[in-house]
*Asks:* 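Got a structure for you, questions after.
Throughout, protein chains are lettered first and strands after them, A, B, ... in sequence-line order, and every chain is numbered starting at 1.
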Number of protein chains: 2
Amino acid sequence: MQSHPLPVRERTRRAVRGELAQLAVDLFVEKGYDETTIDDLAAAAGMSKRTFFRYFASKEELVMGKYEVLGEQLAEDLAARPADEPIWVSLRQVFGRVAEYFESEARGATTVAMEKIVRDHPTLNASYLDRVSRMQELVLDEARTRTGRSDPADPRTAAIVGAAFSCLLAAWTTWLTTNQAQPFGELLDQAMDAIQPT
Amino acid sequence: MQSHPLPVRERTRRAVRGELAQLAVDLFVEKGYDETTIDDLAAAAGMSKRTFFRYFASKEELVMGKYEVLGEQLAEDLAARPADEPIWVSLRQVFGRVAEYFESEARGATTVAMEKIVRDHPTLNASYLDRVSRMQELVLDEARTRTGRSDPADPRTAAIVGAAFSCLLAAWTTWLTTNQAQPFGELLDQAMDAIQPT
DNA sequence: CGCACACTTGACACCGAGTGTCATTTATGG
DNA sequence: CCATAAATGACACTCGGTGTCAAGTGTGCG
């Protein structure tokens, strides 16, 4: 075992980022996103506004940070699927990650609350869609190399990956708006079967 | 013929909005979106900043306004399709509007240039995705009443409409990035056939 | 131990988007 | 022609975000 995989500086930096994000979400859930000012947040964290912006490039990034990671994991997972597996099946498998992401969250309540705030806030929702779209592009790149159909003038792979993500979003949304009445995986199966029965 | 379908005030208001949007797009294409300030724009239009914001609620709305209309038309068009037509076919027909939207534009060059600016600008792109998502919701409402499957806990209709929109976006993107090498309609057919051959 | 160097922080000034307010101008309709 | 409503401009203000610089804090090294 290697003694220090990350330099000390980097570790404290990540710790601060983590605490900051957590504190922010708590404040957002309590008072609302627009009502929580960066100055409030910085004060609550005991730092200056300027210092806050050295940890997060924007207020939105406080909320959107997690999706970054998720996208990369999805792309990795897809690359790890057997090459001869139909792409639709691979995508279904890969989306299992998202289920984990939700269900394994220790403080699910806050996460869900925050997720709802995002959907109700115009700018945040737009930003959220942008992140999903970036996820999708990562996965699309992977899918193109996997299928060998990498001609950018061919819209078909993009259409398939996009369709799969639509299923993911439909399931996600339903799961949130029905207060988790059904397990996420079931919703996802229903959605994906409606497009391409397997 | 009715003498005044719209009150005079409303007509001048729309005229000003139109000129403003046109002027703005010209400036954005010429100097860039971030580099064009609202003060610049207001000055160029011979009005104060405050007055500008009485015509447009935000800088983004200058660019996004058109998508509003498009979404409503799409929903209307869908409602007008025969009730027994398969939803996938109806959606394909309805998307013909978008083809018109592009191809019938008198000053296509500026429109395409602006569309590229949107895609390259993080905030604008996010906002654009948000508008598309709203379009999708309008269409989804219509699709739900049409199919009679209006249970919001059922993700299937959302998945199908979402998939269709993914095809639309895939075709749209391809059309833009390949500099209109193929007609939009063909790309759309390719994309939609890849999901559900008809 | 002490020094030099890199990194981090806070303070401050500044920019652009967007809003509230109010007085002034401009159009509309009787 | 006049009263009333709407449109405008001017001004001050908030908030997100950035550039700059000086002061603080830790780290590695001789």
*Asks:* Going by an N to O cut-off under 4.0 Å, is there a salt bridge joining A/Glu142 and A/Arg81?
*Replies:* no
*Asks:* Of all the nucleotides listed (C/dA27, C/dA17, D/dC21), which has the minimum atom distance to the side chain of A/Arg54?
*Replies:* D/dC21
*Asks:* Round to a whole Å and report the spacing from CZ of B/Arg9 to P of D/dT4.
*Replies:* 16 Å
*Asks:* Are OP1 or OP2 of D/dT14 and a side-chain N or O of A/Thr37 less than 4.0 angstrom apart?
*Replies:* no
*Asks:* Starting from the 5' end of DNA chain D, give me the residue, B/Gly46 or A/Glu60, whose nearest nucleotide shows up first.
*Replies:* B/Gly46
*Asks:* Provide, to the nearest angstrom, the distance between the CG atom belonging to A/Asp39 and the C1' atom belonging to D/dC13.
*Replies:* 14 Å
*Asks:* What is the distance from CZ of B/Arg13 to P of C/dA27, rounded to the nearest Å?
*Replies:* 17 Å
*Asks:* Please report the distance, rounded to the nearest Å, between CD in A/Glu10 and C1' in C/dA6.
*Replies:* 15 Å
*Asks:* Does a side-chain N or O from B/Thr51 land closer than 4.0 Å to OP1 or OP2 of D/dG9, or not?
*Replies:* yes
*Asks:* Between A/Asp130 and A/Arg134, does any NZ, NE, NH1 or NH2 come within less than 4.0 Å of an OD or OE carboxylate oxygen?
*Replies:* yes
*Asks:* Between atom CE in A/Met47 and atom P in D/dG17, what is the gap in whole Å?
*Replies:* 16 Å
*Asks:* Nearest to the A/Ser48 side chain among C/dT28, C/dG10, C/dC22, which nucleotide is it?
*Replies:* C/dG10
*Asks:* Counting the atoms with a prime plus P, OP1 and OP2 as sugar-phosphate, which does B/Phe56 contact under 4.0 Å by heavy atoms, base, sugar-phosphate, or nothing?
*Replies:* nothing
*Asks:* Got a donor-acceptor pair under 3.5 Å from the side chain of B/Lys49 to the base of D/dG9?
*Replies:* no
*Asks:* State, to 0.1 Å, how close B/Leu20 and B/Leu41 come at their nearest heavy-atom pair, and which atoms those are.
*Replies:* O-CD1, 4.5 Å
*Asks:* Without decimals, in angstroms, what is the distance between B/Phe53 CZ and D/dG9 C1'?
*Replies:* 15 Å
*Asks:* Regarding A/Ser90 and A/Arg146, do their side chains bring together a donor and an acceptor under 3.5 Å, going by distance alone?
*Replies:* yes
*Asks:* Counting only side-chain N and O atoms of B/Tyr55, is one of them less than 4.0 Å from OP1 or OP2 of D/dA7?
*Replies:* no
*Asks:* Taking only Lys NZ, Arg NE, NH1 and NH2, and the carboxylate oxygens of Asp or Glu, determine whether A/Glu61 and A/Arg17 approach each other closer than 4.0 Å.
*Replies:* yes
*Asks:* In whole angstrom, give the distance that lies between atom CG of A/Asp34 and atom P of C/dA17.
*Replies:* 18 Å
*Asks:* Let's see if you can work this out: which of D/dT8, D/dG17, C/dG18 has an atom nearest to the side-chain heavy atoms of A/Lys59?
*Replies:* D/dG17
*Asks:* If you check the B/Arg50 side chain, which of C/dT9, D/dA10, D/dG17 turns out closest?
*Replies:* D/dA10
*Asks:* In whole angstroms, how far is the C1' atom of D/dG17 from the CZ atom of A/Phe52?
*Replies:* 10 Å
